[in-house]
Colleague: 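I have a structure I would like to understand better, so I am pasting it below and will then ask my questions one at a time.
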Amino acid sequence: MNIIHYSPKSKGIRFFRSATSYLKRQFSDQTDMIIDHWDDKDFLSTLETRQSNLDLVFIFAHGWEDAILKSRRGEFKRSIELRHAKYFNSKFVLANSCYTAKVWGPELIANGTLAYIGFDDSIEPIFRFDHFEGRNLNEALSIIFKHVYNKVLIDCIEIFVKDCRTAQEFTEFLDLKFRLEIKEISKLNMVELRKVFAIPVKEENFPRLIKAIKLAFISKLDFLNERIVLLGEENYIPWFFLKNMDEASLNKTLKKIDGITEKTNNYYKYFVKLLIYAQLNDHKNYLINYGLFNSELEKRNAESDTIHLPFEISDNLEQTRIELSS
């Protein structure tokens with residue numbers, strides 16, 4: 001499984017590139033896992049060559065209802081369009097992009113994307129503040145908020161991927177982690193706040209700034225929660241780190257994966273269950289799900305919808321255990 005990341009050089013979202021660095025640090029123990037692109041042609045080329053692979057795609061870019069946008073000579077151009085939807089087949093997609101949940105996200109789901117998370121409106125207002133009359137304090141709020149937004153987003157991505165959580169849990173963690181981060185920032189003293197966020201804050205303005213963080217940031221979070229959308233399979237679970245889970249966690253994950261209800265996603269349900277039963281060394285249930293998995297693959301192959309598996313799946317449980325651990 002690869003994490004395919006796209007964040008173009010574009011006005012207004014340059015701070016997302018810091019999220020890219022943070023993402024790489026969080027997965028520094030899996031350096032070959034992340035494929036990072038800022039050029040849309042390279043990004044599309046990677047997607048095309050990995051079409052129908054069970055990957056994760058994270059997009060940090062401007063968006064519109066029917067496309068991901070890039071900035072060229074001060075104008076926005078469509079770069080990832082509806083015609084590219086087939087490239088996202090069998091993937092999980094997070095689009096940190098305005099409006100894309102209206103048309104682009106649904107088109108991805110219609111073309112075989114397992115789950116999509118994005119926004120059905122503009123989220124640009126959350127990064128702008130007019131809480132104070134003075135410009136400097138509003139800019140300080142914006143700097144702090146962008147830092148929190150990036151940190152929380154990447155922290156939640158790490159939990160989602162490494163702890164094999166569901167897509168629905170990912171959206172819930174965004175809200176929870178954001179509130180916890182606001183609480184921690186509110187505990188900082190003036191010296192700590194200056195140091196952490198590299199902002200100049202006068203002593204007389206510090207209490208007002210902390211109060212604004214508590215009030216304005218929660219308001220921004222509520223605004224964000226109203227616009228985030230999860231399409232497709234709510235119980236989608238990343239599979240790669242199943243090999244690191246203990247028996248109790250694997251059994252909990254089994255219950256979650258059973259929640260997959262979309263018939264078109266049954267192949268993925270049985271694929272993940274196969275890996276879990278292999279990890280549990282449960283030969284009986286492994287063979288049962290191997291039969292179910294093969295049946296789903298045959299249906300897809302009959303429809304010329306081939307899935308590219310990360311390794312060969314056979315009735316040999318021990319071989320699957322070896323492949324999963326490598």
Side-chain angles (χ1 to χ4, degrees), residues 3-8 10 13 16 37 40 43-44 46-48 50-70 76-126 153 156-157 160 165-175 223-238 257 259-269 296 299-300 303-308:
I3 293 174
I4 305 171
H5 175 255
Y6 173 60
S7 184
S10 190
I13 58 168
F16 281 156
H37 291 298
D40 58 296
F43 174 61
L44 287 171
T46 294
L47 287 177
E48 187 174 14
R50 295 191 60 79
Q51 191 172 335
S52 300
N53 280 265
L54 304 174
D55 293 323
L56 305 172
V57 179
F58 300 123
I59 298 172
F60 296 173
H62 287 293
W64 187 238
E65 294 182 2
D66 61 352
I68 300 296
L69 307 178
K70 66 178 179 181
F76 287 117
K77 305 286 186 181
R78 287 175 170 80
S79 58
I80 319 297
E81 303 180 70
L82 297 179
R83 61 191 173 93
H84 300 124
K86 61 184 179 182
Y87 294 166
F88 296 85
N89 184 24
S90 300
K91 291 174 173 53
F92 168 88
V93 177
L94 167 65
N96 192 23
S97 310
C98 301
Y99 299 110
T100 55
K102 286 185 175 290
V103 178
W104 193 75
E107 184 69 12
L108 262 59
I109 296 299
N111 278 269
T113 297
L114 291 166
Y116 160 91
I117 295 175
F119 299 100
D120 64 2
D121 202 340
S122 172
I123 62 168
E124 287 188 15
I126 69 169
L153 185 61
C156 289
I157 286 174
F160 171 63
R165 299 303 187 107
T166 67
Q168 180 61 46
E169 285 176 318
F170 176 84
T171 62
E172 293 166 359
F173 281 138
L174 281 173
D175 181 80
F223 180 93
L224 197 67
N225 285 336
E226 291 173 0
R227 287 152 180 79
I228 194 166
V229 175
L230 167 57
L231 302 174
E233 187 47 65
E234 294 181 354
N235 292 297
Y236 170 88
I237 293 173
I257 204 72
I260 290 181
T261 54
E262 292 286 344
K263 291 182 180 180
T264 54
N265 297 336
N266 274 342
Y267 77 94
Y268 189 75
K269 176 198 289 189
E296 290 298 322
K299 290 179 186 177
R300 295 185 73 89
E303 298 170 357
S304 300
D305 193 7
T306 304
I307 302 301
H308 296 278

Colleague: From Leu56 CG over to His5 NE2, what is the distance, rounded to the nearest 0.5 angstrom?
Modeller: 12.5 Å

Colleague: With ring-ring contact (aromatic ring centres under 6.0 Å, His included) as the rule and sequence neighbours excluded, what pairs involving residues 103-125 come up?
Modeller: Phe88-Trp104

Colleague: Do the non-hydrogen side-chain atoms of Phe43 and Pro8 ever get within less than 4.5 Å of each other?
Modeller: no

Colleague: Can you give me the closest heavy-atom contact between Ser122 and Phe223, atom names plus distance?
Modeller: O-CE2, 3.7 Å

Colleague: Report yes if some heavy atom in the side chain of Tyr6 is under 4.5 Å from a heavy atom in the side chain of Ile80; otherwise report no.
Modeller: yes

Colleague: Classify the angle between the aromatic ring planes of Phe160 and Phe92 as parallel (below 30°), tilted (30 to 60°) or perpendicular (above 60°).
Modeller: tilted

Colleague: Do Leu174 and Leu153 touch side chain to side chain, with heavy atoms closer than 4.5 Å?
Modeller: yes

Colleague: What are the two closest non-hydrogen atoms of Thr100 and Ala95, and how far apart are they?
Modeller: OG1-CB, 3.9 Å

Colleague: May I ask you to test the Tyr267-Leu54 pair for a side-chain heavy-atom distance under 4.5 Å?
Modeller: yes

Colleague: Determine whether a donor-acceptor pair (N or O, by modelled atom type, separation under 3.5 Å) exists between the side chain of Lys91 and the backbone of Asn53.
Modeller: yes

Colleague: Could you tell me the separation between the OG atom of Ser97 and the CD1 atom of Ile68, rounded to the nearest 0.5 Å?
Modeller: 3.5 Å

Colleague: Taking only residues two or more places apart in sequence or in another chain, which ones pass side-chain contact (heavy atoms from CB on, under 4.5 Å) with Ser52?
Modeller: Asn89, His308

Colleague: If every non-hydrogen atom of Arg78 is compared with every non-hydrogen atom of Glu81, which pair is closest and at what distance?
Modeller: CB-CG, 3.9 Å

Colleague: So among Ile307, Asn265, Asn266, which one has a side-chain contact (heavy atoms from CB on, under 4.5 Å) with Glu296?
Modeller: Asn266

Colleague: Any side-chain heavy atom of Phe170 sitting closer than 4.5 Å to one from Pro238?
Modeller: no

Colleague: Of all the heavy-atom pairs spanning Pro106 and Ala101, show the shortest one and how long it is.
Modeller: CD-O, 3.3 Å

Colleague: Contact between Asn96 and Ile123 at the side-chain level, heavy atoms closer than 4.5 Å - yes or no?
Modeller: yes

Colleague: To the closest 0.5 Å, what do you measure between CG (Leu69) and CG (Asp40)?
Modeller: 11.0 Å

Colleague: Between atom CG of Leu44 and atom NE2 of His84, what is the distance when rounded to the nearest 0.5 Å?
Modeller: 4.5 Å

Colleague: Cation-pi check for Phe173 against Arg165: NZ or CZ below 6.0 Å from the six-membered ring centre and within 45 degrees of the axis, yes or no?
Modeller: no

Colleague: Could you tell me if the side chain of Tyr87 sits less than 4.5 Å from the side chain of Thr46, heavy atoms only?
Modeller: no

Colleague: Nearest 0.5 Å, please: how far is CD in Glu124 from OH in Tyr99?
Modeller: 7.5 Å

Colleague: With Glu107, which residues qualify under side-chain contact (heavy atoms from CB on, under 4.5 Å), at least two apart?
Modeller: Leu82, Ala85, Asn111

Colleague: What distance do Ile260 atom CD1 and Glu234 atom CD have between them, rounded to the nearest 0.5 Å?
Modeller: 11.0 Å

